[in-house]
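Data first, discussion second: the structure below is written as structure tokens.
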2 protein chains.
Amino acid sequence: MREGPDIARIASLVGDPARANMLNALMGGTALTASELALEAGVSLPTASSHLSKLMEGGLLTLASQGRHRYYGLAGPQVAGMIEAITGVAEAVGPKRVRPGPRDGAMRVARVCYDHLAGEQAVAMLDRLVARDILLRNDNEIRLGPSAASHFSAIGIDVGAKPRRPVCRACLDWSVRRSHLAGTLGAAILDKILAEKWARREKDSRAVVFSPPGKQAFERVFLG
Amino acid sequence: MREGPDIARIASLVGDPARANMLNALMGGTALTASELALEAGVSLPTASSHLSKLMEGGLLTLASQGRHRYYGLAGPQVAGMIEAITGVAEAVGPKRVRPGPRDGAMRVARVCYDHLAGEQAVAMLDRLVARDILLRNDNEIRLGPSAASHFSAIGIDVGAKPRRPVCRACLDWSVRRSHLAGTLGAAILDKILAEKWARREKDSRAVVFSPPGKQAFERVFLG
DNA sequence: AGAATGCTTCGATGGAGACCGAACTATGCG
DNA sequence: CGCATAGTTCGGTCTCCATCGAAGCATTCT
């Protein structure tokens with residue numbers, strides 16, 4: 001009967017299937033409306049609304065009201081990280097997947113993690129950026145290297161702005177068990193990939209699928 | 001209504017206060033009996049037993065029977081990592097701690113994480129070992145450096161044995177948000193610290209408190 | 001063998017909360 | 001203003017499960 005942070009409270013929020021589905025959907029990074037989340041969770045609108053207010057009260061979500069729409073999103077990278085950690089355990093102890101399936105394979109290669117890219121591609125990218133000294137890494141702390149500004153501005157990403165959120169962050173990848181790049185730079189790179197149509201997001205999934213030429217372009221720019 | 005690893009199942013296991021208390025207690029690293037865990041969770045023995053079988057079925061615990069005692073322990077580092085992640089969120093969104101309190105401070109400095117040392121001291125130690133090339137680090141992968149064997153055997157730790165568990169592992173620290181050393185080497189170092197009485201474990205807590213001379217000795221050996 | 005200890009199983013109870021339909025509020029549109 | 005859409009609140013039902021006492025196994029001690 002010890003004290004400390006109330007982990008049961010947080011875990012029980014994630015522990016309901018409807019809420020877990022909602023959180024999973026929000027791991028895609030885009031904020032969703034209550035009706036979209038109700039559909040996603042397979043429950044009625046009133047039920048979804050009740051779940052959402054609980055998640056809000058628990059501090060796991062943020063809310064952005066725009067007119068008559070109310071967009072719910074994950075409260076931050078830490079929450080996303082927790083979901084990834086739980087997913088990792090569920091994956092490990094869960095029923096031995098009868099068959100990894102093609103979609104599952106695609107998820108391992110590349111997927112969206114909150115607002116940035118995850119999966120093998122993302123891990124390889126961070127490795128390469130560090131190897132080329134474009135980013136400087138010390139454990140989970142990642143800083144811009146001397147050539148970062150010119151390198152990224154050449155491909156249309158401005159790293160000069162100083163938002164409150166850190167520019168770079170390491171984020172643990174549940175499929176590869178290594179880190180990939182998060183932070184505003186990670187988000188900007190994902191934006192770039194999608195804007196250039198190097199890859200598209202799989203419908204109803206976190207998977208990100210590169211087109212063959214898109215993959216080449218990505219590798220030339222980030223793994224070159 | 002999407003598929004994938006059943007995160008709700010895992011989270012709901014942690015989501016019950018009694019079970020959360022048990023898991024928290026097991027984060028201390030030592031396996032405990034059902035009665036000890038019942039006491040820890042503040043429930044009767046039958047109730048605890050029921051919880052334990054659920055946790056077992058969920059794959060979060062391992063069981064070692066020794067005579068009439070049955071020792072329950074965390075199933076592995078991944079489970080411990082998940083608990084740390086949830087703890088981090090609970091800490092962040094939880095009621096703004098009225099006062100950090102001395103015990104809380106002690107936890108930040110040094111505590112037990114599963115079977116090894118965590119906290120500021122542990123993070124500093126890993127940094128230093130890597131800086132001295134005694135350990136070689138590439139992201140979460142940590143290997144022994146050339147001088148590791150002689151360095152550790154000089155202080156009575158044998159790194160030659162080849163157990164199934166990896167010798168070194170990086171483990172994310174929830175208070176410092178950086179990595180510390182896990183794996184058999186991490187465990188051996190914690191054993192050493194306690195065996196030499198450089199530090200003692202706080203009663204009913206994960207905190208590890210160094211004595212002044214113990215701290216000096218520890219710093220000389222590992223941070224020197 | 002008999003007693004004691006450690007733990008699990010059984011059965012019954014009670015309470016929490018997930019759920020939905022209906023009514024209500026708020027915003028936008030013509 | 002009146003209608004439509006988005007969302008929340010309310011009231012009631014129903015299921016699940018945490019809980020404990022009592023009884024049942026298993027192991028060890030004497």
Side-chain angles (χ1 to χ4, degrees), chain A residues 1-2 6-26 30-75, chain B residues 1-2 6-26 30-75 86 90:
Chain A
M1 199 86 115
R2 68 186 54 240
D6 193 349
I7 97 171
R9 183 174 130 80
I10 300 300
S12 71
L13 284 174
V14 187
D16 176 82
R19 286 192 294 260
N21 281 330
M22 291 175 170
L23 290 169
N24 234 326
L26 292 173
T30 50
L32 299 172
T33 64
S35 1
E36 288 170 320
L37 287 166
L39 193 68
E40 199 73 44
V43 294
S44 73
L45 231 159
T47 304
S49 183
S50 153
H51 284 309
L52 288 170
S53 58
K54 276 168 194 161
L55 288 170
M56 284 294 297
E57 200 177 351
L60 299 190
L61 299 186
T62 52
L63 173 58
S65 287
Q66 280 181 22
R68 64 177 158 182
H69 294 273
R70 314 192 72 185
Y71 289 95
Y72 290 93
L74 290 191
Chain B
M1 198 89 114
R2 67 187 54 241
D6 194 349
I7 97 171
R9 184 174 129 80
I10 301 301
S12 71
L13 283 174
V14 187
D16 176 84
R19 286 193 293 259
N21 281 330
M22 290 175 171
L23 290 168
N24 235 328
L26 291 173
T30 49
L32 299 172
T33 65
S35 2
E36 289 169 320
L37 288 166
L39 192 69
E40 199 72 45
V43 294
S44 74
L45 232 159
T47 304
S49 184
S50 153
H51 284 309
L52 288 169
S53 58
K54 278 168 192 158
L55 289 170
M56 284 295 296
E57 199 177 352
L60 299 190
L61 297 186
T62 52
L63 174 58
S65 286
Q66 279 181 22
R68 64 179 158 182
H69 294 274
R70 314 190 71 185
Y71 289 95
Y72 290 92
L74 288 190
I86 299 173

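Convention: sequence-line order gives letters A, B, ...; per-chain numbering from 1.
Residues meeting the side chain to side chain contact (heavy atoms under 4.5 Å, CB included) test with A:Glu57, sequence neighbours left out: none. Remark: B:Ser12 pairs with no residue by the side chain to side chain donor-acceptor pair (under 3.5 Å) rule, at least two apart or across chains.
Side-chain contact between B:Leu61 and B:Leu74 is present, with heavy atoms from C-beta onward closer than 4.5 Å. Between B:Ile10 and A:Val14 the shortest side-chain heavy-atom distance does not fall below 4.5 Å.
Atom CG in B:Leu52 sits about 11 Å away from atom P in C:dT9, given to the nearest Å. If you take CG of B:Leu55 and P of C:dT8, they are 12 Å apart, rounded to a whole angstrom. Summarising the geometry, the separation between CD on B:Glu57 and P on C:dT9 is reported as 11 Å, rounded to the nearest angstrom.
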Which parts of nucleotides 10-26 of chain C does protein reach within less than 4.0 Å, heavy atoms only, written one letter per nucleotide 5' to 3' as B for base, S for sugar-phosphate only and - for none? --------SSBBB----
Under 3.5 Å, which donor-acceptor pairs link side chains of residues 31-39 of chain A to any protein atom two or more places apart or in another chain?
from    : atom 1 : to      : atom 2 : distance (Å)
A:Thr33 : OG1    : A:Glu36 : N      : 3.3
A:Thr33 : OG1    : A:Glu36 : OE1    : 3.2
A:Glu36 : OE1    : A:Thr33 : N      : 2.8

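What you find for A:Ile7 and B:Ala20 is that their closest heavy atoms are CG1-CB, 3.9 Å. Across all non-hydrogen atoms, the minimal contact from B:Ala41 to B:Met22 is CB-CG, 3.9 Å.
Among the protein residues, B:Thr33 comes within range of the sugar-phosphate backbone only, with heavy atoms under 4.0 Å from sugar or phosphate atoms but none that close to a base.
Sorted by first then second residue, the side-chain hydrogen bond (donor to acceptor under 3.5 Å, both in side chains) pairs that include residues 42-55 of chain A, not counting sequence neighbours, are A:Arg19-A:His51, A:Ser44-A:Thr47.
Nucleotides of DNA chain D lying under 4.0 Å from heavy atoms of chain A occupy a range whose first and last members, 5' to 3', are D:dA4 to D:dT9.
Checking the phosphate oxygens (OP1, OP2) of C:dT8, a side-chain nitrogen or oxygen of B:Arg70 falls inside 4.0 Å. Checking the phosphate oxygens (OP1, OP2) of C:dT8, a side-chain nitrogen or oxygen of B:Tyr72 falls inside 4.0 Å.
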